[in-house]
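Structure first, commentary second.
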Amino acid sequence: MEKLQYALFTGCTAKESTPEQLMSTYAVAEKLGIELVELSEASCCGASHLQDYDDFLSLVLNARNICYAESRGMTMVTICNTCQLNTAMTKHRLDKDPALKARVNEKLAEVGLEYKGTSEITHFLYAIIDDFGLDKIAEMVVKPLSQFNIAPFYGCHNIRPSELQNESHKKAENPYNPTSLDDLIIACGGVNVDYEEKNKCCGFHVELQAPKTASILTGNALMGAMDNNADWMVTPCPLCHLKLDTQYEHASHAVGRDVKMPVLHMQQMVGLALGCTPDELGLQHHVAEIDFL
Amino acid sequence: MSMQAITTQQVTFNVFRFNSETDYLPYYKQITMEVTSEEVVLDILDRIKWEHDGSFSYRRSCRHGICGACAVKVNGKGVLACKERMNDMIGLFGTELTIDPVSSKHAIKDMVVDKKDFWDKHEAVEPYLISEIEEHPEMECYVTPMESEALLESDLCIQCGLCHYACPVIEINDAFLGPAAFAKAFRFNADVRDEGIDERIGIVNQPGAGIWDCVKCFECAEVCPKEVNPIEKITKLHNQTFERNDAIDNVATRHAVGFAHSIKKHGLLDEGELVRYSEGNIGVLKHVPVAIKMWKKGKIVMPWNMPKSDKLDEIKRLVKSSSTVKF
Ligand code: SF4
Ligand code: SF4
Ligand code: SF4
Ligand code: FES
């Protein structure tokens, strides 16, 4: 197989509050022999809030980010669900509406860029499942996670709206019963935990304006995993991760129970199974300490 | 047209049963039957009643996906029973299926729910044309095809309630108006004949009840059988608020605006500054305990270490030239 190459859109979170996610992405890519070229020119995707204020500006900025994947002739890979949604949604809207694309390109021309629509956009989770292959990952596992019950937390913006998301998946994901992350857990030798909240929202996006709603949703997710005997949780979204890992006190308060539990990024889980060291995966950066190794 | 052979499969149904007059708690009844590939979910509901238990209750009227009465949940997925093919359900979930009302919390009898909260919220957004109409008009009020396209199909809503009861915020926050009511507010705001837009924005703009409490989970867009895409309409309402200068200066609006400021300065989002800007200098203090914990784990970037995008000049230029609103 030819070496897989992607243009990596890190998003902001991986460069600030979840440094462990960026470290573990690179660590896993190296183990799998995947080349990641960082889109250092990229701006913030607006995190599903900028478009509430100024939709057109959000489109222009996201289109600009995609331009830099196009100019490198690569598929863009994201490591945040919300980055994935915003970027894929921008692509979808521009590709199906030539007039809108022309308006956006008029602006991009000011800085010498043109959005063409030639790059695909996919989340790292689906890149390693669809392009690299689950079977091959399973073959490379040196430290199977067989003693752990692992609860997958999918995060909304990777699975909904499914019509958009499934444009970039090889195997359609059912948003009411997603399986990709479960399959990845199994490939890493772990035991996947089924629970009701696995495809529900963590509440991240209203943390500032509606903290009670946000804390209840986070608490419900942690509780669901706990009550189904999970040892830890795993998520592909750094925003979900922030909520589950750093906000457990508010969440515990909201649901009236201690719901503290270790939460790993999917890259860290794969990294552990492939034999990366805790340091390489940044496991020291968690607020809910990783106490099971 | 090729004719597909009709096939039959054995399916086990776990059916939600509850009578609010006699039962303390709901329970599930298991029924196994042969299901043919042509049947829809409503055929199954009919057969449960006709072949297994005459006391089983559910609503249906049009049988054509237009009255919205037959909404139920199959394995957690909200569907119009008369529209959803059993074949597709089996394809998605296999041959053991659970049938629930759209909201067990609102169940009166089996699949029949009390939708009062839904209708109250529907009414709250003034879902009708607000306009001064002459008593003796001389001509019709024209709406061009282009003008009606601006509704973005929000007029296709059949008030089935699927989005409303799929919304996680509705579950938690009794004041929240919900996706269907918001889509309806947009439907009239976008109508060229309507003059009630500022009034309606005043209603959907309220903290707690309004659009700012939406968690952006896309459950509403996913479930809607008419592709109304309520979250898209919620974004449009957000945009209308800023475009018409109706935005209230509060943590929610600043949270959206703060992104533009940060991108202009760094290309990337300055997380710490976003929280400070949104909450204000006093409000931000409540985040200090968590921030300290995060700082100890190397999760806080100090202002002087804030990373910046390469080619920041391009970003600054685009923010300047492509901005369409001011706050
Ligand atoms: S699960 Fe929460 S944080 Fe993750 S994408 Fe959805 S809303 Fe955002
Ligand atoms: S996107 Fe908003 S309105 Fe729609 S279901 Fe989620 S929280 Fe409710
Ligand atoms: S928006 Fe769609 S799901 Fe919601 S009530 Fe209307 S038709 Fe039903
Ligand atoms: S019976 Fe009317 S929508 Fe299904």
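Computed from heavy atoms alone, side chains included, the values below leave out hydrogens, waters and symmetry copies. Proteins come first, then strands; the chains are lettered A, B, ... in the order of their sequence lines, and each starts at number 1.
There is no contact between A:Leu59 and chain B, counting heavy-atom distances below 4.5 Å. With a threshold of 4.5 angstrom between heavy atoms, B:Glu171 does not approach chain A through any atom at all. Of the two parts of B:Pro207, neither the backbone nor the side chain holds a non-hydrogen atom closer than 4.5 Å to a non-hydrogen atom of chain A. The part of B:Glu279 that comes within reach of chain A is its side chain, from C-beta onward, which places non-hydrogen atoms under 4.5 angstrom from that chain. Proximity to chain A (any heavy atom under 4.5 Å) is restricted, for B:Val290, to the side chain, taken from C-beta onward. If you measure heavy-atom distances from B:Thr235 to chain A, the contacts under 4.5 Å come from both the backbone and the side chain. Interface remark: B:Phe176 contributes no atoms to any contact with chain A (heavy atom separation under 4.5 Å).
A:Arg64 places a side-chain heavy atom less than 4.5 Å from the side chain of B:Glu314. For the pair A:Leu108/B:Leu318, a side-chain contact is recorded, criterion being any heavy-atom separation below 4.5 Å from C-beta on. Residues B:Asn173 and A:Lys212 have side chains not in contact (no heavy-atom distance under 4.5 Å, counting atoms from C-beta outward).
Remark: side-chain polar atoms of A:Arg160 are not paired, donor with acceptor, to backbone N or O of B:Ala221 under 3.5 angstrom. For the pair A:Gln284 (side chain) and B:Lys297 (backbone), a donor-acceptor distance under 3.5 Å is absent. A donor-acceptor contact shorter than 3.5 Å is absent between the side chain of A:Asp52 and the backbone of B:His238.
When every heavy atom of B:Lys216 is checked against every heavy atom of A:Ser48, the shortest pair comes out as NZ-O, 2.9 Å. The heavy-atom pair separating B:Ser322 from A:Val60 by the smallest distance is OG-CG1, 3.7 Å. Nearest heavy-atom pair across A:Val287 and B:Lys299 is CG2-CD, 4.1 Å.
A tilted orientation is assigned to the rings of A:His49 and B:His255, their planes being inclined by 30° to 60°.
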